[in-house]
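I have placed the structure first, in the form of structure tokens, so that the comments after it can refer back to it.
In what follows, residues are counted from 1 in the order of the sequence shown.
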Amino acid sequence: GNHWGYGKENGPDVWHKNYPVALGSRQSPIDIPHQVSHDPSLGPIVLDYDHCTSINICNNGHSVVVNFDDTDDRSVIHGGPLENPYRLSQFHFHWGGKGCDGSEHTVAGNSYASELHLVHWNAVKYKLFDHAAAAPDGLAVVGIFLETGDDHRWLHTITDAMYMVKYKGSATDFKGFNPKCLLPSSLHYWTYLGSLTTPPLHESVTWILLKEPIAVSEKQLGKFRLLQFTGEEEDQRLRMENNFRPPQPLKGRRIRSSN
Ligand SMILES: NS(=O)(=O)c1ccc(C(=O)O)c(S(=O)(=O)NCCc2ccccc2)c1
Ligand SMILES: [Zn+2]
């Protein structure tokens, strides 16, 4: 059927036909304006990833995803705007085409080359990820902007594995990767209540966007574009690029800044 995607016929502008919440009141991504209210009550976010266990890296036809074992609290984020610890489930990326930007959130109207999302779920309140993903306080996604510059010394482990997951539906073992190596030096952040940026677009995400981008090289970003939206058996070969949803209306929401 007409599965959702990022093309002309199935892209963000028509998602509302199958997912009416696309026109909802807390959709993501958004543009982060110049002036954001600083909330002194917002404490630091804490990422406890030291015992995290990555399982595999896969191509789900929309992005490249690294999945984690989230059967216990071995890798959690807590603090900041969060009332509970949230368990790391997966991380993935959004990016543009050659020489074009591909972040989802924008800052004062400016896009970055790419955006990394670390997806966490509230396993204190919800038994299953699927339940959390549909609950207003179910998910916490940390967003990290990628800008082009020097090679990122640790991103190689991910880009080197991409030739193994070129096609939709492919996966390969990817153990022992700790995403702490992808964090910028500062954990200062913006936070607001939003949604998944892909269908089903559930309004279940507390977004925590790090202000400081990380640098990756054009060469490393180019390896993302070797991935395909399409499966190995499909006649069509569609290069995986521009897999980002554009900013959505703020609809009166408050964005807070950590400091
Ligand atoms: N850009 S984003 O952080 O909003 C996001 C993008 C893709 C996915 C995904 O499904 O892989 C996810 S997910 O891993 O949170 N899954 C959401 C879809 C889903 C809902 C309910 C049950 C299973 C999957 C999040
Ligand atoms: Zn995402």
Side-chain angles (χ1 to χ4, degrees), residues 6 28-29 31-32 45 47 49 52 54 56-68 75 77 88-120 141-167 170-172 174-190 197-198 207-229 238-247:
Y6 294 94
S28 294
D31 178 59
I32 306 293
I45 56 163
L47 300 117
Y49 288 167
C52 75
S54 61
N56 66 15
I57 185 168
C58 76
N59 175 336
N60 65 8
H62 310 296
S63 182
V64 58
V65 187
V66 172
N67 293 296
F68 288 78
S75 46
I77 175 177
L88 176 64
S89 166
Q90 58 105 307
F91 70 75
H92 62 273
F93 299 83
H94 303 265
W95 60 92
K98 190 167 168 19
C100 303
D101 283 336
S103 67
E104 298 210 297
H105 291 88
T106 56
V107 181
N110 300 311
S111 294
Y112 285 90
S114 171
E115 189 170 330
L116 160 61
H117 289 157
L118 295 138
V119 181
H120 309 74
V141 182
V142 173
I144 299 174
F145 293 116
L146 279 64
E147 65 181 3
T148 45
D150 298 334
D151 242 29
H152 190 287
R153 57 177 295 129
W154 304 111
L155 194 67
H156 282 292
T157 29
I158 296 173
T159 51
D160 288 353
M162 285 183 184
Y163 76 96
M164 298 283 284
V165 289
K166 180 176 173 146
Y167 299 107
S170 51
T172 190
F174 196 72
K175 295 195 167 38
F177 185 83
N178 184 331
K180 238 184 158 115
C181 66
L182 298 175
L183 299 178
S185 49
S186 163
L187 291 182
H188 290 167
Y189 62 89
W190 295 292
T197 67
T198 65
W207 279 95
I208 298 168
L209 295 172
L210 301 191
K211 295 183 182 178
E212 182 187 334
I214 60 170
V216 303
S217 64
E218 259 306 335
K219 196 161 163 286
Q220 288 177 309
L221 269 181
K223 293 194 175 169
F224 281 68
R225 295 187 203 102
L226 296 176
L227 299 166
Q228 305 264 327
F229 279 126
L238 289 176
R239 189 198 313 264
M240 189 179 275
E241 58 186 17
N242 297 307
N243 56 349
F244 63 92
R245 188 190 193 191

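Distance check, rounded to the nearest 0.5 Å: CD of Glu241 to SG of Cys100 gives 8.0 Å. Atom CH2 of Trp95 sits about 11.0 Å away from atom CG of Leu146, to the nearest 0.5 Å. Remark: Leu227 CG to Phe93 CZ distance equals 10.5 Å, nearest 0.5 Å. Here Phe91 contributes atom CZ and His117 contributes atom NE2; the two are 13.0 Å apart, rounded to the nearest 0.5 Å. Remark: Lys175 NZ to Asn56 CG distance equals 7.5 Å, nearest 0.5 Å. Atom CD of Glu147 and atom CD of Glu115 lie 13.5 Å apart (nearest 0.5 Å).
Proximity of a side-chain donor or acceptor of Lys211 to a complementary backbone N or O of Ser186 within less than 3.5 Å is not detected. Looking only at distances, no side-chain donor or acceptor of Ser217 sits under 3.5 Å from a matching main-chain atom of Asp150. Counting only distance, with no hydrogens or angles, the side chain of Gln228 and the backbone of Leu238 share a donor-acceptor pair below 3.5 Å. The main-chain N or O of Cys52 is never found under 3.5 Å from a side-chain atom of Ser75 such that the two would form a donor-acceptor pair. The backbone N or O of Ser170 lies less than 3.5 Å from no partner atom in the side chain of Asn59, so there is not a single donor-acceptor pair. Arg245 contributes no side-chain N or O that, together with a main-chain N or O of Tyr6, makes up a donor-acceptor pair within less than 3.5 Å.
Side chains of His92 and Asn60 form no contact here, defined as non-hydrogen atoms less than 4.5 Å apart. In this structure, the side chains of Asn243 and His62 stay at 4.5 Å or more apart for every pair of heavy atoms. The shortest distance between side-chain heavy atoms of Phe224 and Met240 does not fall below 4.5 Å. Here the side chains of Leu118 and Ile77 are not in contact, with every heavy-atom distance at 4.5 Å or above. Ser111 has its side chain out of reach of Phe244: every pair of non-hydrogen atoms, C-beta onward, lies at least 4.5 Å apart.
Taking all atoms of both residues into account, the shortest heavy-atom contact from Leu210 to Phe145 is O-CD1, 3.7 Å. Minimum heavy-atom separation, Gly176 to Ser54: N-OG, 3.1 Å. Summarising the geometry of Val216 relative to His152, their closest heavy-atom pair is CG1-CB, 3.9 Å, with the distance given to 0.1 Å. Scanning both residues, Phe174 and Ile57, for their nearest heavy atoms gives CB-N, 3.5 Å.
Just one of Ile158, Asp151, Thr157 meets the side chain to side chain contact (heavy atoms under 4.5 Å, CB included) condition when paired with Leu155; it is Ile158.
Between His120 and Tyr49, the angle of the ring planes stays under 30°, which puts this pair in the parallel group of the 30/60° scheme.
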His105 vs Trp207, ring pair (Phe, Tyr, Trp, His ring centres under 6.0 Å): CA-CA, chis, key distance, verdict: CA-CA 10 Å; His105 291 88; Trp207 279 95; 4.8 Å; yes
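With a 6.0 Å radius and a threshold of 12 heavy atoms from other residues, nucleotides or ligands, Lys98 has its NZ atom at or below the threshold.
Thr106 and Asp31 share a donor-acceptor pair across their side chains, judged by distance under 3.5 Å alone. Using a 3.5 Å distance cut-off with no hydrogens or angles, the side chains of Ser185 and Glu212 do pair a donor with an acceptor.
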